Number of protein chains: 2
Amino acid sequence: MNKKQDLPWDNPRFKNWIAVVQAEKAIVRALTKALQPFDLKIGQLDVLMNLYRHPGMSQHDVARKLLVGRSNITMLLPQLERQGLLRREGDAKDKRVLRLYLTEDGEDVLLKALKVYTELIDTVMANSSPAQCDALGDQMRRISEMLKEA
Amino acid sequence: MNKKQDLPWDNPRFKNWIAVVQAEKAIVRALTKALQPFDLKIGQLDVLMNLYRHPGMSQHDVARKLLVGRSNITMLLPQLERQGLLRREGDAKDKRVLRLYLTEDGEDVLLKALKVYTELIDTVMANSSPAQCDALGDQMRRISEMLKEA
DNA sequence: TGCTTTTTGTTCATGCTTGAACGATACTGT
DNA sequence: ACAGTATCGTTCAAGCATGAACAAAAAGCA
């Protein structure tokens with residue numbers, strides 16, 4: 001048993017998944033540097049991105065969307081609020097929840113940061129056609145679906 | 001300018017890359033839990049995996065391969081050494097470098113952990129054919145190549 | 001050979017992330 | 001109405017990762 005044959009590196013799914021992890025790490029490092037001029041961490045950018053598309057999300061919603069703990073969001077927000085990029089408003093009906101909204105400055109910074117992000121991705125994926133990217137995304141979304149149920 | 005049209009979410013590369021990030025986060029969480037019985041963190045598993053394939057790597061080599069800082073490896077090793085999963089030997093010719101080798105226990109634990117890892121990946125990517133996985137991996141390896149030069 | 005520069009691994013302070021415990025608020029079922 | 005349960009956000013301690021500064025060793029070079 002356990003000959004070279006059944007080593008994970010010969011498993012197409014596993015072998016190629018490792019490549020995904022490697023690429024993701026590489027981009028995280030590149031993006032972290034690229035965001036320094038904006039004084040933004042990737043986690044903060046993630047929050048802004050979600051608020052742009054879904055204004056009024058609660059902190060709990062944001063945490064679940066980003067797959068991080070609620071406390072993470074709590075610790076993340078004060079700096080963004082101090083920078084004037086977003087504001088928190090207590091929900092009128094449910095006094096527990098705080099709803100988050102981008103300020104104009106926040107939207108401004110977000111769009112500039114997104115430009116940098118998009119250019120980075122466009123560069124490193126220049127050799128992938130839109131169709132290939134869609135196929136890629138489909139596989140990834142299936143993975144997320146599989147794990148959402150757990 | 002900046003109409004809805006040129007929002008990043010309409011950019012195929014960007015949009016689908018976001019799906020990659022989401023899937024990667026989801027798997028990291030699942031894998032972290034799956035590795036708890038082995039008392040292994042993902043970073044530690046990464047080290048063991050590389051040593052299995054390339055025995056005698058230096059700490060610097062490992063760090064570069066894993067895209068982490070050298071200090072990260074320094075902080076990671078004592079626990080693995082205490083658990084008896086690997087051993088460090090000073091290089092004879094270059095007294096600065098420490099070469100890393102898996103012990104038999106280390107290889108044993110690694111193979112068991114890899115089995116869990118592989119099963120997880122096989123499950124969540126069950127809907128991707130080997131050919132699709134290869135296409136996926138090719139795109140990812142191209143990304144890593146692009147960023148290696150930077 | 002000597003002197004300078006690189007490289008390797010370590011240490012340390014900093015910041016990020018996590019999960020558990022908590023108070024406040026809302027919901028549920030009787 | 002009310003007792004028990006669940007949810008939201010916060011706090012806190014612990015574990016990790018990072019990068020700068022450092023000592024030892026090696027390499028480059030005159």
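Not measured: the values here are computed from a predicted model. Letters go in sequence order (proteins before strands), and every chain restarts at 1.
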Of all the choices, [options], which nucleotide is nearest to the side chain of [X] once you look at every atom?
X: A/His60; options: C/dT8, D/dT11, D/dG9; answer: D/dG9
X: A/Gln59; options: C/dT10, D/dT10, D/dT7; answer: D/dT10
X: B/Val68; options: C/dA26, D/dT18, D/dG9; answer: D/dT18
X: A/Met75; options: C/dG9, D/dC12, C/dA24; answer: D/dC12

[atom1] of [X] versus [atom2] of [N]: gap in Å, rounded?
X: A/Arg96; N: D/dA6; atom1: CZ; atom2: C1'; result: 8 Å
X: B/Leu67; N: D/dT18; atom1: CG; atom2: C1'; result: 14 Å
X: A/Met57; N: D/dG9; atom1: CE; atom2: P; result: 11 Å
X: A/Leu98; N: D/dT7; atom1: CG; atom2: C1'; result: 13 Å
X: A/Ile73; N: D/dT11; atom1: CD1; atom2: P; result: 15 Å

*Any chance you could lay out the salt bridge (charged side-chain N to carboxylate O under 4.0 Å, His left out) test for A/Glu81 and A/Arg87, step after step, and finish with the verdict?*
CA-CA 6 Å; A/Glu81 222 174 356; A/Arg87 63 179 199 281; over 6 Å; no

*Charged N to carboxylate O below 4.0 Å: is that the case for A/Asp108 and A/Lys112?*
yes

*Take the angle between the ring planes of B/Trp9 and A/Tyr52 and call it parallel below 30°, perpendicular above 60°, tilted in between.*
parallel

If you restrict it to nitrogen or oxygen atoms, what contacts under 3.5 Å exist between nucleotides 19-23 of chain C and the protein, and what is each distance?
unit_1, atom_1, unit_2, atom_2, d
C/dG19, N7, A/Ser71, OG, 3.3
C/dG19, O6, A/Ser71, OG, 3.0

Just by distance, do the side chain of [X] and the backbone of [Y] share a donor-acceptor pair under 3.5 Å?
X: A/Asn16; Y: A/Pro12; value: yes
X: A/Arg142; Y: B/Met125; value: no
X: B/Thr103; Y: B/Gly84; value: yes
X: A/Arg13; Y: B/Ser128; value: yes

_Side chains of B/Leu114 and A/Phe14 in contact at under 4.5 Å (non-hydrogen atoms)_ = yes

_Under a 3.5 Å threshold, yes or no: a donor from one side chain and an acceptor from the other, between A/Gln132 and B/Gln139?_
no

*Please check if any side-chain donor atom of B/Arg99 sits under 3.5 Å from a side-chain acceptor atom of B/Gln59, or the reverse.*
no

*Contact class for B/Leu76 vs. all strands (heavy atom < 4.0 Å): base, sugar-phosphate, or nothing?*
sugar-phosphate

*Show your working on salt bridge (charged side-chain N to carboxylate O under 4.0 Å, His left out) between B/Arg96 and B/Asp94 and close with a plain yes or no.*
CA-CA 5 Å; B/Arg96 291 171 304 178; B/Asp94 189 336; 2.9 Å; yes

*Which residues in residues 38-51 of chain A have at least one heavy atom lying under 4.0 Å from any atom of DNA chain C?*
A/Lys41

*Which of residues 77-91 of chain A sit near DNA chain D, with a heavy atom under 4.0 Å from it?*
A/Arg88

